[in-house]
Amino acid sequence: MNSPTYLDHAATTPLDPEVRAAVLPWLGELFGNPSSAHGHGRRARAAVDEARDRVAVAAGCASREVILTSGGTEADNLALRGVLERWGPERGRHLVVSAIEHEAVLATARGLAEAGRAALTVVDCDHQGRIDPAAVAGAVRPDTVLVSVMLANNEVGTVQDVAAIAAAVRARNPRSLVHADAVQALGRLPLGLDALGMDLLSLSAHKAYGPQGVGALVARHGVFPAAQITGGGQERERRSGTENVAGIVGFGAAAELAERRREADARELSQLAGWLTDLLTESIDGLDATGDPKDRLPGLCSFVVTGCRSELLLAVLDELGVSASAGSACSSGAPVPSHVLAAMGFGELAGSALRLSLGRSTTRALLEAAAERVRIAVARVRGG
Ligand code: PLP
């Protein structure tokens, strides 16, 4: 059999060779603590600063608005916990999130509510995973401190009009802050604090051909979320800890590449994904596309497959040499029905999700072979 085909780029992407080349010296001859005043330290500081500038360009913000973190999960946590802690006493402790957020937002918000530290309203979506700006605004109260609605969903690919959501929220309560988890969007969709109307944006390097374990919370100047990791006061007192210099350099290189290649990648990936979606839905009965067919993440194909439990289908696909997923990386490890599909009203079928997410190295020939294996896998699972 040929080598396995990787169709799980929404879970993580391989390191781009350019990124790898930028990182390697920092795992070898180059080193230093960016907080040290000597030459080694200054060189490390310069590398971190340059990477921060590159992330800022890709995120459409000022460099000082970038808070480097250990990834998207920490960025989401810092957004929710940090805003609540900083602004809760003055503006109120009510949070609004959508029902289809990544667990980094949803579980954090629920945990805060269960601990009695926040009040929480969860806003539903429609059958295609779209969040209605009016419904979000309807949930906003005088004590709403933060609204968090993701830019692009990691399981079904639906892209929200977060600018419209932010405008509706502010019309209702100008003091409410607005956050978007943009982890899936880097290198795939245009970003920008102003363009998206956001106060806070979460990013992660490993979804955009950078290393795992590094990301950022972009926080508009003046928002200043309270640090959740305290210590030496790095990241302008917003996130302590000696910087992960190699990872941050990789994030910077990945962000620069993401920006440079975004339009071409998005065009190509959307085309391939559309083609694959049509091929599979037309050739396999009971396999239906999920998510918004128009406003969707380039390269993400998502389906429900009647009569196939995700975990069985994924196991057979793995045997046949296709690395795919049901949705989030956690649910591909443990067979938990998707909370996203449940919120979209899929009922039983929430346990029958299949996500094929394409990347820069995906070709039509690879997809043709993979589609054949999906057909075989579905038949095998249905046949028992
Ligand atoms: N938010 C979304 C939408 C994601 O897809 C992910 C990754 O799975 C995360 C947050 C978490 O990011 P990280 O893996 O960098 O912690």
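Just so you know, these numbers use all the heavy atoms, side chains as well, and skip hydrogens, waters and symmetry mates. Residue indices begin at 1 and follow the sequence shown. Both counts, for ligands and for their atoms, begin at 1 and track the order of listing.
Residue contacts with ligand 1 for H206 involve side-chain atoms from C-beta outward but no N, CA, C or O (heavy atoms, distance under 4.0 Å). When heavy-atom distances to ligand 1 are checked against a 4.0 Å cut-off, V105 has no atom that comes that close, whether in backbone or side chain.
Listed by number with element, the atoms of ligand 1 under 4.0 angstrom from any heavy atom of S204 are 13 (P), 15 (O). Contact atoms of ligand 1 toward M150: 3 (C) (distance under 4.0 Å to a heavy atom of the residue). For ligand 1 and G71, the ligand atoms under 4.0 Å from any heavy atom of the residue are 15 (O). In the vicinity of D76, heavy-atom distances shorter than 4.0 Å reach the ligand 1 atoms 1 (N), 10 (C).
The distance from the NE2 atom of H102 to the OG atom of S148 is 12.0 Å, given to the nearest 0.5 Å.
Closest of all the heavy-atom pairs between R86 and F224 is NE-O, 2.7 Å. H179 and L201 make their closest contact through CD2-N, 4.1 Å (heavy atoms, listed as atom of the first residue, atom of the second, distance).
Side chain to side chain, S63 and D53 meet the donor-acceptor criterion of an N or O pair below 3.5 Å. Of the N and O atoms on the side chains of S323 and D8, not one donor lies less than 3.5 Å from an acceptor on the other residue.
Of the charged side-chain nitrogens involved, none lies within less than 4.0 Å of a carboxylate oxygen, so that E85 and R81 do not count as a salt-bridged pair.
Evaluated by nearest non-hydrogen atom to atom 12 (O) of ligand 1, the leading choice among G72, A11, G213, G210 is G72.
In this pair, F346 and H127 present their aromatic rings parallel. The plane angle is below 30°, not in the 30 to 60° band.
Considering backbone and side-chain atoms together, T73 places an N or O closer than 3.5 Å to an N or O of ligand 1.
Under a 4.0 Å heavy-atom criterion, E74 is not in contact with ligand 1.
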